[in-house]
Amino acid sequence: MNMKVKFISITLIVVMVAIIAYNHNNINEDVVLMSNELVDKATVHDSLIDKSIIVYGTVKEKLSTNSKYALLLEGRNEKNILCQLNENQIVKTKKIEINDRVKIRGIYKGKLSDLILLNCELLDHTYD
């Protein structure tokens with residue numbers, strides 16, 4: 001193989017590895033938003049569906065049915081964010097009170113009367 005072919009082959013390999021690494025690193029990146037920003041962005045378009053979202057917000061209501069727990073975060077324009085928590089978050093959830101500020105990661109699934117985040121985990125909690 002002559003030098004020109006080797007150089008082109010190596011260059012192509014390096015470029016392909018760089019593209020794969022870039023795409024791999026960006027696939028699972030979290031979108032980080034305040035609760036009102038999430039409401040605004042999700043109201044305009046559905047580009048966030050099935051994306052991992054980290055949302056900062058204030059707890060408006062605690063909900064539980066059977067062994068399922070959820071937090072309703074204050075949003076904007078009568079749209080709130082319903083965060084259904086994973087079962088391993090129950091102990092953390094019981095410590096939360098109305099008006100506490102939280103940081104939650106979940107998968108955005110769309111909107112009905114409220115925006116829906118599933119498989120949520122509590123990342124941070126500030127007591128008021």
Side-chain angles (χ1 to χ4, degrees):
M1 225 195 278
N2 67 31
M3 284 300 252
K4 188 174 183 180
V5 172
K6 284 183 183 178
F7 177 76
I8 292 172
S9 297
I10 291 172
T11 303
L12 285 173
I13 291 170
V14 169
V15 168
M16 289 182 71
V17 168
I19 289 171
I20 291 169
Y22 175 80
N23 286 335
H24 176 72
N25 288 336
N26 288 315
I27 287 173
N28 294 321
E29 282 188 7
D30 296 313
V31 176
V32 181
L33 299 166
M34 299 299 290
S35 59
N36 58 353
E37 293 173 318
L38 177 56
V39 170
D40 291 346
K41 192 166 187 171
T43 302
V44 174
H45 48 78
D46 287 331
S47 65
L48 297 175
I49 289 185
D50 291 329
K51 293 205 183 215
S52 178
I53 306 287
I54 293 178
V55 63
Y56 292 84
T58 302
V59 176
K60 183 174 183 174
E61 192 174 340
K62 288 174 61 171
L63 308 163
S64 66
T65 54
N66 301 327
S67 63
K68 301 281 185 195
Y69 285 84
L71 296 175
L72 190 65
L73 304 184
E74 289 180 7
R76 181 186 309 214
N77 300 330
E78 298 181 25
K79 288 245 182 236
N80 297 301
I81 302 160
L82 181 66
C83 304
Q84 183 181 5
L85 295 149
N86 286 330
E87 288 182 21
N88 64 357
Q89 301 293 301
I90 293 172
V91 173
K92 291 180 182 180
T93 305
K94 288 182 179 180
K95 297 177 183 177
I96 293 175
E97 300 295 330
I98 305 300
N99 294 322
D100 284 356
R101 292 185 304 267
V102 294
K103 176 182 175 185
I104 293 177
R105 176 187 290 129
I107 305 299
Y108 177 66
K109 288 301 192 177
K111 57 188 176 293
L112 298 168
S113 59
D114 295 314
L115 280 64
I116 310 295
L117 289 178
L118 298 180
N119 303 325
C120 294
E121 67 176 309
L122 184 65
L123 300 176
D124 196 12
H125 174 208
T126 304
Y127 299 92
D128 280 342

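Keep in mind the model is a prediction, meaning the values are calculated, not measured.
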Residues Tyr56, Val32; criterion side-chain contact (heavy atoms from CB on, under 4.5 Å); working and verdict
CA-CA 8 Å; Tyr56 292 84; Val32 181; 3.6 Å; yes
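- Going from atom OG of Ser52 over to atom CG of Asp30 covers 3.5 Å, rounded to the nearest 0.5 Å.
- Two different hydrophobic clusters hold Leu72 and Val39 under the rule that ILVMFWY side chains link at heavy-atom gaps under 4.5 Å.
- Side-chain contact check for Leu48 versus Leu38: some heavy-atom pair is nearer than 4.5 Å.
- In this structure, the side chain of Lys62 engages the main chain of Ile96 through a donor-acceptor pair within 3.5 Å.
- The minimum heavy-atom distance linking Ala42 with Lys111 is given by the pair O-NZ, 3.1 Å.
- Under the 4.5 Å side-chain criterion, counting only non-hydrogen atoms from C-beta, Ile54 is not in contact with Leu33.
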Run the side-chain contact (heavy atoms from CB on, under 4.5 Å) check on Leu71 and Leu63 step by step: do they pass?
CA-CA 6 Å; Leu71 296 175; Leu63 308 163; over 6 Å; no
Please step through side-chain contact (heavy atoms from CB on, under 4.5 Å) for the pair Asn99 and Val59, ending with a clear verdict.
CA-CA 5 Å; Asn99 294 322; Val59 176; over 6 Å; no
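- At a threshold of 4.5 Å between side-chain heavy atoms, the hydrophobic network of Ile, Leu, Val, Met, Phe, Trp and Tyr places Ile116 and Leu85 in two separate groups.
- Atom-to-atom distance recorded for Asn86:CG and Gln89:CD is 6.0 Å, nearest 0.5 angstrom.
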Test Arg105 against Glu121 for salt bridge (Lys or Arg N to Asp or Glu O under 4.0 Å), laying out the working first.
CA-CA 5 Å; Arg105 176 187 290 129; Glu121 67 176 309; 3.1 Å; yes
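- The shortest heavy-atom contact between Lys60 and Ile98 is O-CD1, 3.5 Å.
- Within the 3.5 Å criterion, the main-chain N or O of Gly75 finds a donor-acceptor partner in the side chain of Asn80.
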Verify side-chain contact (heavy atoms from CB on, under 4.5 Å) between Ile49 and Tyr108, making sure each step is shown before the conclusion.
CA-CA 5 Å; Ile49 289 185; Tyr108 177 66; 3.8 Å; yes
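- In plain terms, the two heavy atoms of Ile104 and Cys120 that are nearest each other are CG2-CB, 3.6 Å.
- Side-chain contact between Leu122 and Thr93 is absent, with no heavy atoms from C-beta onward closer than 4.5 Å.
- Both Val102 and Ile53 are part of a single hydrophobic cluster, where members link through side-chain heavy atoms under 4.5 Å apart.
- Looking at Lys51 and Ile107, their side chains never come closer than 4.5 Å, going by heavy atoms from C-beta outward.
- At distances below 3.5 Å, not a single donor-acceptor pair connects side-chain atoms of Gln84 with backbone N or O atoms of Ala70.
- Remark: of the listed residues Ile81, Leu115, Leu123, Ile81 is the sole one forming a side chain to side chain contact (heavy atoms under 4.5 Å, CB included) with Val55.
- Judged by distance alone, the side chain of Glu37 and the main-chain N or O of Met34 form a donor-acceptor pair under 3.5 Å.
- With contacts defined as side-chain heavy-atom distances shorter than 4.5 Å, the pair Leu73/Cys83 qualifies.
- Taking a cutoff of 4.0 Å between a charged side-chain nitrogen and a carboxylate oxygen, Asp114 and Lys79 do not qualify as a salt bridge.
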